[in-house]
Amino acid sequence: MPASKYTSNGNSSVPSSRIERLLRERELRKNSKTSYSNESNNNEGFEFTDNYVEQYLEGASAARDSWEKPDGGPFTQRLLVVANRLPVSAVRRGEESWSLEVSAGGLVSALLGVKEVEAKWIGWAGVNVPDEPGQRALTKALAEKRCIPVFLDEEVVHQYYNGYCNNILWPLFHYLGLPQEDRLATTRSFQSQFAAYKKANQINMKVGWFLHTPFPSSEIHRTLPSRSELLRAVLAADLVGFHTYDYARHFVSACTRILGLEGTPEGVEDQGRLTRVAAFPIGIDSDRFIRALENPQVQEHMKELKERFSGRKVMLGVDRLDMIKGIPQKILAFEKFLEENPYWRDKVVLLQIAVPTRTDVPEYQKLTSQVHEIVGRINGRFGTLTTVPIHHLDRSLDFQALCALYAVTDIAIVTSLRDGMNLVSYEYVACQDAKRGVLILSEFAGAAQSLGAGAILVNPWNITEVAASIGQALNMSAEEREKRHCHNFLHVTTHTAQEWAETFVSELNDTVVEAQQRIRQVPPPLPVEEAIECYLQSSNRLIILGFSATLTEPIETPGRRGGDQIREMDLKLHPELKESLMKLCDDPQTTVVVLSGSDRTVLDDNFGEFDMWLAAENGMFLRSTKGEWMTTMPEHSNMEWVDSVKHVFEYFTERTPRSHFELRETSLVWNYKYADVEFGRLQARDMLQHLWTGPISNASVDVVQGSRSVEVRAAGVTKGITIVRILGEIVHSKSISSPIDYVLCIGHFLGKDEDIYTFFEPELPYNMGIPRPKLSDATKGTGDKKHCKNGPKTSQKQQRPPQSLDTKRTINNNNNKSNGFENGGRRSSVSPDKVSCNVLDLKADNYFSCAVGRTRTNARYFLPTSDDVVSFLRDLTQAS
């Protein structure tokens with residue numbers, strides 16, 4: 001039999017892509033399960049019981065490097081599971097004596113199936129232990145169960161769990177809304193509860209974070225006062241998991257709309273760091289339920305139930321007594337069914353198991369009374385002396401009794417108003433391989449996405465629809481029941497809790513690998529000390545600075561997407577920059593250039609007092625602050641397209657709330673950063689389609705797309721190309737006799753304008769695919785000849801060695817014309833016959849390119865914000 005391409009062997013190469021790695025891991029898991037199954041068949045009498053759970057949790061006293069599984073095999077990976085509660089219950093017997101009882105829940109069972117992984121649990125022990133001797137004794141006892149306790153005092157537990165988790169997050173995530181803040185004390189209570197929530201959840205490590213409840217739409221989540229803090233905290237994880245794609249989509253949407261981050265098919269990206277977001281629907285330990293049906297005690301229970309309800313169809317509901325479970329809606333639908341179908345009144349019975357929860361909360365007490373009232377009314381209306389249509393039980397059942405009940409049931413009905421998953425539906429299907437019963441399932445339960453094909457999906461708020469589904473289930477043919485059950489049974493037995501845990505751990509491992517690969521692609525932070533040292537040792541320096549998001553004051557508003565729109569539309573120089581910038585400009589050995597896409601008026605208003613060079617509209621206009629504006633644009637450029645593009649931008653600005661556009665002399669920019677994210681993208685796509693087929697179809701223009709902007713500018717205009725003309729004019733005006741030996745270029749530039757970084761790059765690999773701007777590019781269309789010495793060519797397999805760029809920069813001599821621009825100033829008048837000098841003598845160590853707030857960049861280095869630029873320039877001037 002040929003080997004699988006994903007099977008590990010001596011000749012196989014390491015999978016390079018994420019999908020290949022995950023497929024290989026999946027194949028290995030399947031082979032491991034097959035081998036494990038064969039071994040289990042040879043071991044008669046083995047049973048995966050609660051004793052095995054306890055055995056699994058014991059034995060943590062072994063040395064760290066020699067962890068062993070209960071079967072004696074070595075663990076190859078350690079997994080820390082952080083949960084609210086540990087999988088054990090602790091009871092104090094004395095000052096330093098504790099008794100522990102293992103509580104095997106779904107998550108414990110899930111992690112039991114993860115091969116080669118040793119799980120340790122971190123969480124609250126469920127008891128208050130204020131004294132140190134008691135804490136030491138409990139810690140030691142729990143260590144034997146592979147558990148590490150987190151000790152919380154009663155007030156923190158009350159505020160964080162009973163308060164913030166149950167009173168705020170639980171209702172909000174299940175679409176029940178927030179409590180009304182009718183008193184100032186309520187607001188203060190929210191704040192203290194959130195403080196306790198943060199205190200209880202302080203943790204620093206590589207983590208996979210999984211939410212076992214729904215995640216609401218962004219419109220619901222944004223009502224939460226601490227909305228941004230929670231999102232940021234979750235994004236600190238490497239992998240974020242949810243039960244369904246809907247929940248994952250809501251989370252990504254919340255990060256996009258509330259935090260202004262970029263949502264991708266893989267997850268959420270923030271400054272080059274990707275938090276992967278995915279759906280991992282959990283399952284159950286189906287084998288445990290299937291084996292339980294063979295237990296003599298379970299079979300005895302089944303016999304009793306069949307005799308008790310002989311001649312009647314059995315409907316079953318198993319829920320916690322909670323507002324989100326839709327128990328009143330279920331019972332009311334059953335009442336409507338009995339009203340409309342008299343034939344079934346003495347032939348069907350509803351068994352409702354309602355497990356009490358939070359009995360001390362008034363809302364839950366009210367719900368209990370409501371359910372009891374409805375049940376009593378229906379039983380009084382349709383019951384007889386010998387039978388009642390509803391059997392309601394306010395308590396939980398033991399595992400064996402529950403399995404027997406599942407097995408004899410004809411119809412299971414789940415009417416959750418909002419449920420993360422609802423594993424009762426899975427448990428019912430696992431116990432129904434003999435009877436082939438029907439599952440009625442709420443479309444608002446996460447399980448609906450997994451079991452929807454075999455179940456009858458209903459809207460629990462539509463009582464008529466649920467009543468009709470009961471009739472459909474009771475009258476369903478055996479053939480249809482068989483098809484529906486087989487589909488669901490296959491899913492339940494293959495998508496188990498163990499499979500969920502293995503998949504999640506596998507994805508987490510791969511996420512760490514992927515993150516390490518991405519980190520290598522992100523430029524390192526600017527080496528401040530090195531940049532300052534090289535600056536001090538140089539004699540002729542050129543500093544090129546962007547303006548927007550580089551030298552401007554911060555506009556971001558904490559906890560709100562985007563920041564202050566009005567302040568962004570009226571850009572101002574960072575107030576703490578003036579002193580540092582003034583010192584740099586006054587240094588005769590330093591030339592400072594502000595190169596921006598903004599128009600001339602903006603640069604004049606912000607930099608008129610400094611002795612520097614200003615390059616507006618991506619270098620199309622240039623002046624020294626001691627002189628007048630000149631245009632570097634080719635004389636015969638055609639700008640007739642401006643008016644038609646302006647009309648298009650005006651139209652889309654009117655149609656897109658909170659968008660705006662800037663009309664410049666050589667370009668137009670439409671910005672939709674503050675518009676609704678999805679609507680803005682749709683409008684941008686519509687705009688681009690219209691532009692390409694209409695106003696600019698035959699125009700000599702470039703369309704530049706930013707993250708949330710569309711710019712139309714004259715063709716061939718980039719900062720990297722116009723820097724050639726700017727350098728020529730600076731050299732001519734300052735009569736520079738020695739070449740520039742230090743260049744610092746810092747900016748938040750669009751991708752198209754990042755050619756300015758590579759223009760100065762002394763060590764530009766040929767295989768980067770980034771063309772170095774040449775003088776011929778800069779003067780294209782003017783009739784000038786090319787004046788540039790080419791360096792010696794090297795092999796494409798090698799990087800260009802550090803060298804001095806001996807490049808002759810020349811500028812076109814044109815007549816003084818405004819080229820149709822109002823108040824355009826004179827045209828650059830540098831003659832190629834008069835200017836011919838070695839402009840750059842730049843070594844690799846003396847060039848520092850730095851992107852601000854952009855990690856996908858051609859720049860060598862990175863700074864997060866304009867505040868970091870301020871700090872760096874301050875240090876630079878202080879050192880000089």
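Ring planes of Phe504 and Phe280: perpendicular class, angle over 60° (limits at 30 and 60°). His212 and His243 have perpendicular rings, their planes meeting at more than 60° on a 0 to 90° scale where under 30° would count as parallel. The aromatic rings of Phe242 and Trp209 sit perpendicular to each other, their planes meeting at more than 60°, with 30° as the lower class boundary.
With a 6.0 Å cutoff to the six-membered ring centre and a 45° limit on the axis angle, Arg418 counts as a cation-pi contact of Tyr175. Judged by the 6.0 Å distance and 45° axis criteria, Arg288 is positioned over the aromatic ring of Phe399. A cation-pi arrangement is absent between Lys306 and Phe309 under the rule of less than 6.0 angstrom and at most 45 degrees off the ring axis.
Annotation: His372 is in aromatic contact with His392 [ring centroid separation under 6.0 Å]. Checked against the 6.0 Å centroid criterion, the rings of His221 and Phe251 do not qualify as a close aromatic pair. Aromatic ring centres of Trp500 and Phe210: separated by under 6.0 Å.
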Handout entry: Residue pair Ile258, Ser228: steps toward the side-chain contact (heavy atoms from CB on, under 4.5 Å) verdict
Key = CA-CA 7 Å; Ile258 296 173; Ser228 298; 3.7 Å; yes
Exercise for the section: Test Gln193 against Asn167 for side-chain hydrogen bond (donor to acceptor under 3.5 Å, both in side chains), laying out the working first. Expected result: CA-CA 10 Å; Gln193 288 172 2; Asn167 286 343; 5.4 Å; no
Exercise for the section: In sequence, state the C-alpha distance, the side-chain angles, and the governing distance for Phe334 and Leu338, and then conclude on side-chain contact (heavy atoms from CB on, under 4.5 Å). Expected result: CA-CA 6 Å; Phe334 185 58; Leu338 295 179; 3.7 Å; yes
Problem - Criterion side-chain contact (heavy atoms from CB on, under 4.5 Å) on Arg481 and Arg484, from CA distance to verdict - result: CA-CA 5 Å; Arg481 291 204 313 270; Arg484 288 177 177 270; 5.9 Å; no
Exercise for the section: Show your working on side-chain contact (heavy atoms from CB on, under 4.5 Å) between Leu321 and Val355 and close with a plain yes or no. Expected result: CA-CA 5 Å; Leu321 194 54; Val355 182; over 6 Å; no
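Each of Val375, Asn379, Val349 was checked for a side chain to side chain contact (heavy atoms under 4.5 Å, CB included) with Pro389, and the lone residue meeting it is Asn379. Under the side chain to side chain contact (heavy atoms under 4.5 Å, CB included) test applied with Gln329, the options Leu417, Val458, Val466 reduce to a single match, Leu417.
Rounding to the nearest 0.5 Å places CG of Leu169 at 9.0 Å from CZ of Phe194. Atom CG of Asn459 sits about 5.0 Å away from atom CD of Glu443, to the nearest 0.5 Å. Atom CG of Leu351 sits about 9.5 Å away from atom CG of Leu393, to the nearest 0.5 Å. Interatomic distance, Leu402 CG to Ser396 OG, rounded to the nearest 0.5 Å: 9.5 Å. We find the CD1-CG distance between Ile413 and Leu350 to be 7.5 Å, quoted to the nearest 0.5 Å. Atom CG of Asp394 sits about 9.5 Å away from atom CD of Gln352, to the nearest 0.5 Å.
A 4.5 Å side-chain heavy-atom check between Pro356 and Tyr364 finds every atom pair outside the cut-off. Looking at Leu230 and Val234, their side chains never come closer than 4.5 Å, going by heavy atoms from C-beta outward. Counting only heavy atoms from C-beta outward, the side chains of Leu451 and Tyr426 approach each other to under 4.5 Å. Between Ile324 and Trp170 there is a side-chain heavy-atom pair separated by less than 4.5 Å. Using a 4.5 Å cut-off on side-chain heavy atoms (C-beta onward), Leu439 and Ile411 make no contact. Side-chain contact between Tyr428 and Leu405 is absent, with no heavy atoms from C-beta onward closer than 4.5 Å. When side chains are defined from C-beta on, Lys145 counts as touching Leu100, because their heavy atoms get closer than 4.5 Å. Residues Asp676 and Glu678 form a side-chain contact, since some pair of their non-hydrogen atoms from C-beta on lies under 4.5 Å apart.
Using modelled atom types and a 3.5 Å distance limit, the side chains of Thr384 and Thr387 yield a donor-acceptor pair. A donor atom on one side chain and an acceptor atom on the other are not found under 3.5 Å apart for Ser218 and Arg222. Side chain to side chain, Gln498 and Glu502 fail the donor-acceptor criterion of an N or O pair below 3.5 Å. Looking at Asp419 and Asn422, their side chains do bring a donor and an acceptor atom within 3.5 Å of each other. There is a side-chain donor-acceptor pair under 3.5 Å between Tyr406 and Glu427. Side-chain polar atoms of Tyr164 and Ser226 form a donor-acceptor pair below 3.5 angstrom.
Listed here is the closest heavy atom pair of Val127 and Trp124: O-NE1, 3.4 Å. When all heavy atoms of Pro216 and Phe173 are compared, the pair lying nearest together is CD-CD1, 3.4 Å. Of all heavy-atom pairs between Ala448 and Ser442, the closest is CB-O, 3.5 Å. For Ala407 against Lys435, the heavy-atom pair with the smallest separation is O-CD, 3.5 Å. Across Gln449 and Thr244, no two heavy atoms sit closer than the pair OE1-CB, 3.5 Å. Closest of all the heavy-atom pairs between Phe444 and Ser416 is CB-O, 3.8 Å.
Within the 3.5 Å criterion, the main-chain N or O of Lys325 finds no donor-acceptor partner in the side chain of Asp322. Between the Thr493 side chain and the Leu490 main chain, a donor and an acceptor come within less than 3.5 Å of each other. The main-chain N or O of Tyr343 is never found under 3.5 Å from a side-chain atom of Asn341 such that the two would form a donor-acceptor pair.
Arg249 and Asp246 are joined by a salt bridge, as a carboxylate oxygen and a charged side-chain nitrogen come within less than 4.0 angstrom of each other. Using a cutoff of 4.0 Å between basic side-chain nitrogens and carboxylate oxygens, Asp319 and Lys330 are scored as salt-bridged. No salt bridge links Glu304 with Arg308; every basic N to acidic carboxylate O contact stays at or beyond 4.0 Å. Here Glu363 does not pair with Arg358 in a salt bridge; the nearest charged N to carboxylate O distance is not below 4.0 Å. Residues Arg377 and Glu335 are paired through a salt bridge, judged by an N-O separation under 4.0 Å between the basic side chain and the carboxylate.
Annotation for His487: atom NE2 does not count as buried by contact number, only 12 or fewer foreign heavy atoms lying within 6.0 Å. With a 6.0 Å radius and a threshold of 12 heavy atoms from other residues, nucleotides or ligands, Lys347 has its NZ atom above the threshold.
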